[in-house]
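Just below is one structure, and these are the notes that go with it.
Here is how names work: the chains are called A, B, and so on, in the same order as the sequence lines, proteins then strands, and each is numbered from 1. Given the structure is predicted, the values throughout are model-derived calculations rather than measurements.
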Number of protein chains: 2
Amino acid sequence: MTTPVLTKNQGLVFDVLTRAEGPLSAYTILDKLRDQGFRAPLQVYRALDKLLEYGVVHRLESINSFVACAHPHENCHSHGLVAFAICESCGQVIEFHDHEVDHRLMDWLKSQKFKAEKSTIEIRGHCANCAA
Amino acid sequence: MTTPVLTKNQGLVFDVLTRAEGPLSAYTILDKLRDQGFRAPLQVYRALDKLLEYGVVHRLESINSFVACAHPHENCHSHGLVAFAICESCGQVIEFHDHEVDHRLMDWLKSQKFKAEKSTIEIRGHCANCAA
DNA sequence: ATCGCACACGTTATAGCATAACGCAATTGA
DNA sequence: TCAATTGCGTTATGCTATAACGTGTGCGAT
Ligand SMILES: [Zn+2]
Ligand SMILES: [Zn+2]
Ligand SMILES: [Zn+2]
Ligand SMILES: [Zn+2]
């Protein structure tokens with residue numbers, strides 16, 4: 001379950017995300033990589049697919065964007081649900097995990113005999129700096 | 001905080017969603033309403049905006065779709081977080097609320113001085129009927 | 001060695017989701 | 001009556017994501 005060596009394109013996309021202040025859309029990533037030879041969206045999406053699979057990047061469904069995992073050394077796939085607080089002013093994202101929320105949701109799903117596969121927990125609002 | 005009388009377009013969109021088995025995309029709704037005179041996506045999106053504002057429809061961010069609220073008589077805006085379990089086989093959606101999850105997340109956000117405004121909790125997987 | 005396969009990559013085209021910007025009509029309330 | 005608000009219709013455009021096709025490279029099995 002360790003992350004394979006990244007290919008050239010995967011590495012470029014990962015570097016852009018790692019250096020970014022906040023989440024980026026696929027097309028923003030594409031623009032930032034034009035100088036390195038990127039020409040088409042698929043080059044970005046294919047790299048993102050792998051990075052998501054490896055668990056080193058997360059997708060933020062509510063804003064159609066991607067962000068580097070905040071816990072590069074652990075493996076985010078292994079510790080259950082991941083939640084995000086997304087500031088609508090500055091774009092910053094706080095990633096966090098909570099086992100109680102995790103267990104509570106999982107218990108409920110089990111009671112419904114629902115087999116969970118992917119989860120999305122995203123809270124939009126304003127961070128400490130940006131709140132009035 | 002009661003729901004205003006719906007306009008013609010809002011009513012048509014709401015009826016389509018209420019009769020649907022599961023969530024629908026805006027363009028699917030548009031197709032279902034062509035016979036009633038709908039011609040352009042904006043007619044759907046504008047109605048959806050209002051229905052979302054009134055809390056009688058929810059948006060499922062992870063599948064770019066919309067679903068009628070499962071609790072038509074209560075007001076979903078009033079009882080905190082809403083969560084959805086979405087079956088990837090049959091498309092069915094189970095909507096539920098859990099105050100413990102709610103409080104736990106809100107406490108965490110408060111500890112970060114993060115002002116929450118909108119939330120998304122969506123679990124994709126397979127429902128009891130569709131699970132192998 | 002060479003064949004077959006898996007995988008990454010490049011390119012073009014297309015599909016799917018959402019909004020900008022304009023103008024018109026009906027309603028409301030000062 | 002006038003101004004402001006709201007809903008509506010239309011055209012055009014922008015943003016997000018994938019289909020489909022072909023190329024090249026590495027690598028194990030025959
Ligand atoms: Zn992570
Ligand atoms: Zn902020
Ligand atoms: Zn609801
Ligand atoms: Zn199902």
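- Between B:D49 atom CG and C:dC17 atom P the separation is 16 Å, expressed in whole Å.
- Listed pair B:S25 / C:dG16 fails the phosphate criterion, with no side-chain N or O lying under 4.0 Å from OP1 or OP2.
- Along DNA chain C, the nucleotide nearest to B:I63 and the one nearest to B:R46 differ in position, and the one closer to the 5' end is contacted by B:I63.
- When the C1' atom of D:dC15 is taken as reference, atom OH of A:Y45 falls 8 Å away, rounded to whole Å.
- Using a 4.0 Å heavy-atom cutoff across all strands shown, B:R39 reaches sugar-phosphate atoms only and no base atom.
- Under the 4.5 Å side-chain criterion, counting only non-hydrogen atoms from C-beta, A:T120 is not in contact with B:I121.
- Straight-line distance from the CD atom of B:Q10 to the P atom of D:dT6: 12 Å, rounded to whole Å.
- Under 3.5 Å, the side chain of B:Y27 and the base of C:dA18 form at least one donor-acceptor pair of N or O atoms.
- Considering only heavy atoms from C-beta on, B:V44 stays 4.5 Å or farther from B:P41 through its side chain.
- OP1 or OP2 of C:dC9 lies within a sub-4.0 Å distance of a side-chain N or O belonging to A:T7.
- Between A:Q43 atom CD and D:dA17 atom C1' there is a gap of 15 Å when expressed in whole angstrom units.
- For A:N9, the listed nucleotide lying nearest its side chain is C:dG10; candidates were C:dA18, D:dC8, C:dG10.
- Of the residues near DNA chain D, A:P41 and B:K8, the one whose nearest nucleotide (by heavy atom distance) lies more toward the 5' end is B:K8.
- Atom-to-atom distance recorded for A:E95:CD and A:F84:CZ is 4.5 Å, nearest 0.5 angstrom.
- For B:N64 and D:dT16, the shortest distance from a side-chain N or O to OP1 or OP2 is not below 4.0 Å.
- Per the geometry, CG belonging to A:L42 stands 14 Å off C1' belonging to D:dG22, to the nearest Å.
- Between the CG atom of A:L24 and the P atom of D:dC15 there is a distance of 15 Å, given to the nearest Å.
- Ion pairing of B:E117 with B:K115 is absent here, as no side-chain N (NZ or NE/NH1/NH2) approaches a carboxylate O to less than 4.0 Å.
- Relative orientation of the B:H71 and B:H97 rings is tilted, given thresholds of 30° and 60° on the angle between their planes.
- Atom-to-atom, CD of B:E61 to P of C:dG16 comes out at 20 Å; the value is rounded to the nearest Å.
- Rounded to whole Å, the distance from CD1 on A:I29 to C1' on D:dT16 is 12 Å.
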